[in-house]
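Scroll down for the structure; my scribbles are underneath it.
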There are 2 protein chains.
Amino acid sequence: MFSKACEYAIRATIFIAARSVEGKRTSLKEISREVDSPVAFTAKTLQKLSKSGIILSTKGAHGGFNIDPTQMSAIKVSQIVMAIDGDMVYKRCSLGLDSCSEDHPCPFHARFKPVRQDLQNIVENTSLLDLTSGLVSGSTFLKV
Amino acid sequence: MFSKACEYAIRATIFIAARSVEGKRTSLKEISREVDSPVAFTAKTLQKLSKSGIILSTKGAHGGFNIDPTQMSAIKVSQIVMAIDGDMVYKRCSLGLDSCSEDHPCPFHARFKPVRQDLQNIVENTSLLDLTSGLVSGSTFLKV
DNA sequence: TGAAATAAGGACATGTTAGTCTTTATTTTT
DNA sequence: AAAAATAAAGACTAACATGTCCTTATTTCA
Ligand code: FES
Ligand code: FES
């Protein structure tokens, strides 16, 4: 569904968000540890998120990553997915035809499209704040 | 979503089914052409489908692949997916946690699970016959 | 019986995703 | 000013998915 890079990106962003509501920045090292992801590889994806403006980064001692808390309800999961995996998840033909279209549909199109649309809807309508609240309340988890 | 191998497998199976209702066997070469998939690679996936009992194969001149028409409503897309990709599509955690569970859910679990369930349902409830009818009536397509 | 047509099988090649390592740039602390 | 702590960047490696090629086995047909 999502690439490994994208899974790490979403987990990391949620963790950064949870720390940011406490007014704290989080280092790459801490993120990798708390999200159980490979450090150097996670660094790459965080760079992309930073360039996309989803997270903020600060170099130097006491640096790290953070997110403006006032933005957390405006940031949607779809933005993270778009930054890392692009939008082909919602556009690709389920059976691998060059393009998915109503004019020239594959045999699975009619059944598949609504499900894919549902996926797109939840991803576009779920905010970072939505995902973070469960984590801070202890009802959801980012690693084993 | 599905691997390339699985996409080819589903397309090929639908094409074989369409030919089988006319009582004809189809050669690998013809399948690859009509489904627009790489010959040798498609051969591999057809071997798996054959070993899984989803399609029948016959060697030699006038050989090829076919499907018992009386089975076509009993064969579900899920069987093809299972034979090629396994069932992780319906079981994997969307954010890459080791396992997806209600006891230890990731932040996306509650929203993601129903969509994944819908996908599983359509895949398990759609038969080969369902997908083949649109092809023979000309309303759906297997290649550009 | 020999040739042709087919699928099966396995070794190899290529491409993409995932991941590591090392160096550089920036900031804070001492 | 020097040292320490951090992110950024790029080259490299590993694993896996995708795809090709060649040989073998089986069947039909002339
Ligand atoms: S054409 Fe295949 S999913 Fe739309
Ligand atoms: S635990 Fe992540 S989708 Fe179920």
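In what follows, chains carry the letters A, B, and so on, assigned in the order in which the sequence lines appear, proteins first and then strands, with residues in each chain numbered from 1.
Between F65(A) atom CZ and dT27(C) atom P the separation is 14 Å, expressed in whole Å. Atom CG of L28(A) is separated from atom P of dG19(C) by 14 Å (rounded to the nearest Å). The distance from atom CG of D36(B) to atom C1' of dG19(D) is 14 Å, rounded to the nearest whole Å. Between the NZ atom of K29(B) and the C1' atom of dA5(C) there is a distance of 9 Å, given to the nearest Å. With rounding to whole Å, N66(B) atom CG is found 11 Å from dA7(C) atom P. For the pair F41(B) CZ and dC12(C) C1', the computed distance is 15 Å after rounding to whole Å. A straight line from CZ of R11(A) to P of dA18(C) spans 13 Å, rounded to a whole angstrom. Rounding to whole angstrom units, CD of residue E30(A) and P of dA5(D) are separated by 15 Å.
Taking every side-chain heavy atom of Y8(B) into account, dG19(D) is the closest of dA7(D), dG19(D), dA5(C). Of the candidate nucleotides dA8(D), dA8(C), dT27(D), dA8(D) has the atom lying nearest to any side-chain atom of K59(A). Of the listed nucleotides (dG9(C), dG19(C), dT27(D)), dG19(C) has the atom at the smallest distance from the side chain of P38(A). Comparing dA7(D), dA18(C), dG19(D) against the side chain of S57(A) picks out dA7(D) as the nearest.
There is no side-chain donor-acceptor pair under 3.5 Å between S101(A) and D103(A). No hydrogens or angles considered: nothing links the side chains of S73(B) and S127(B) as a donor-acceptor pair under 3.5 Å.
Summary of the strand contacts: K51(A) and G63(A) both lie near DNA chain D, and taking for each the nucleotide with the nearest heavy atom, the more 5' one is attributed to G63(A). Along DNA chain C, the nucleotide closest to R25(A) and the one closest to H62(B) are compared, and the more 5′ of them pairs with H62(B). Taking for each of I31(B) and S3(A) the nucleotide of DNA chain C with the nearest heavy atom, the 5'-most of the two is the partner of I31(B).
Under 3.5 Å, the side chain of K44(A) and the base of dT20(C) form at least one donor-acceptor pair of N or O atoms.
S50(A) has its side chain out of reach of L56(A): every pair of non-hydrogen atoms, C-beta onward, lies at least 4.5 Å apart.
Between Q47(B) and the phosphate of dA7(C), there is no side-chain N or O to OP1/OP2 separation shorter than 4.0 Å.
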Going through the checks in order, is the salt bridge (Lys or Arg N to Asp or Glu O under 4.0 Å) test met by E30(A) and R19(A)? CA-CA 11 Å; E30(A) 190 182 8; R19(A) 282 317 194 77; 2.3 Å; yes

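Dense packing is recorded around NZ of K76(A), with more than 12 heavy atoms of other residues, nucleotides or ligands lying under 6.0 Å away.
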